[in-house]
Amino acid sequence: TLSPLSSWRLKFWFQPFRRIRFCNRLAPMLQMFGRGKKTDQPEWDQNFEPLIKLLLGKKGIKTKSASEIGKKKVDYFRGKDLKKFLLESGPLLKKKCQPALNAALPPNGDEPENDQDVDRIGDELIQRNFCYKAMYKPINPTKSDSGSDKKPVKKSWPDRLARTPNQKFDCEGFYVITYEGDAAMQHLFLALIIAGVLLACMFPVWPMWAKVGIWYLSVIFLSLYFGILILRMIIFTLFWIVGFDFWIFPNLNDEYCGFLDSFKPFYSWEKRADDAMMLLVRFGSLAITAVAVQQIAETTSLADVQDFVTSSYIDVIDWGVEKLTALPSSEKQMLPDLEELQKEDNETGEEGEILNVDDKKVSGEDDDDVADVADEAKDKKEL
């Protein structure tokens, strides 16, 4: 008779499907620890890699983020933006991406001049796994999205995408970027994220100057952010009253924009096309605003407002510093304060002065009274 372990070994070696299933389960673990080669990562074509780097660079096409159904968040670009860039950047493509032009536009590798040339370059990027075609997929599809006679609603920049079966390049489509770039930079960013998380977890043991510095930076950042929000709202209200939509940093709170894209453009200007009712509302708002400004100007001056803001700002900073220095691990709790030492000294001095010279027991006045009473009693007895 064979032991269970020996029986399993015999089945493992003499049944090929068991070995294949075991290797398939082991491969992801080896990839996790860096011992196996990733099979899902595409091999970047050396001819087209400079082209995709140029497209995704600072002077390249615009990209945005979206959530792909069933997968993680992805970045994508529009086909019409790629078309515009390729047709307008011919000399730059000849200078930096000549191998890609030779492969996509044989035999001479000339500059792209029409839609057919753009389609060829787009197809090459898709075939070499630099990107793939996707379509807008809403969370709750309407009748127009589920295949009725009505045309589906098109979004300029959709927030949910799904891969399409047809992977032919089309200038009206959306294309998810699968190019990951240099792995060294990704490892560096990952190391920085891990180090940042560890530093945040070790905040209780930070030195006091670092804690106070973080508090000052947080207050400054929040002050700038809310200051910009209040300023842009005031300016928008003033221009809205006179019939214009004027925003400073219109993409500031756009969740689909990156950090730098949130500050582009600096402003947006659009004339409103309101009806008579909205014109009446605007004039009424103008009258209310004028009365409110007049009443505030009569009761409050700019100096009062400045003093209020300054004192409030200082109070907030002092409050945060006191909260940080009041922590159990802070140096302030470990060493006594000068005021505490003086208070303790005063309490000790008061306890020592309880029995002072004014007390009858200390001064002897009480003993003298007892002696006088005794002498008077003796004299009466003798009489």
Next item on the list: Go through the structure and list residues passing salt bridge (Lys or Arg N to Asp or Glu O under 4.0 Å) with Asp170, not counting sequence neighbours.
Entry: none

Item checked: Non-neighbouring partners of Asp307 that pass salt bridge (Lys or Arg N to Asp or Glu O under 4.0 Å), sequence neighbours left out -> none

Next item on the list: State, yes or no, whether a side-chain contact exists between Val74 and Ser65 at a heavy-atom distance under 4.5 Å.
Entry: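 SC-SC contact between Val74 and Ser65 ruled out.
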
Note to self: Is it true that Ser301 and Asp304 share a donor-acceptor pair across their side chains at a distance under 3.5 Å?
What the structure shows: yes

Next item on the list: Under the side chain to side chain contact (heavy atoms under 4.5 Å, CB included) rule, collect the residues that match up with Gln294, sequence neighbours excluded.
Entry: Glu298

Checklist line | Smallest separation among heavy atoms of Pro158 and Tyr136, with atom names | finding: CB-CD1, 3.3 Å

Checklist line | Whether Asn108 side chain and Asp110 backbone form a donor-acceptor pair below 3.5 Å | finding: no

Margin query: If the condition is ring-ring contact (aromatic ring centres under 6.0 Å, His included), which residues does Trp319 pass it with, not counting sequence neighbours?
Written below: none

Next item on the list: Anything under 30° is parallel, anything over 60° is perpendicular, the rest tilted; go ahead and classify Phe249 against Phe263.
Entry: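 Phe249 vs Phe263 ring planes: perpendicular.
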
Item checked: Tyr76, Phe169, Phe130, Tyr132 screened by ring pair (Phe, Tyr, Trp, His ring centres under 6.0 Å) with Tyr175, the one that passes -> Phe169

Margin query: Under the salt bridge (charged side-chain N to carboxylate O under 4.0 Å, His left out) definition, can you give me all pairs with a residue in residues 228-247, not counting sequence neighbours?
Written below: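 Pairs touching residues 228-247 that pass the test: Asp245-Arg272.
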
Note to self: So does Phe236 get a backbone contact from the side chain of Trp247, meaning a donor-acceptor N/O pair under 3.5 Å?
What the structure shows: no

Check: Can you list every pair that meets ring-ring contact (aromatic ring centres under 6.0 Å, His included) and has a residue in residues 269-318, with sequence neighbours left out?
Finding: Phe239-Trp269, Phe244-Trp269, Phe246-Trp269

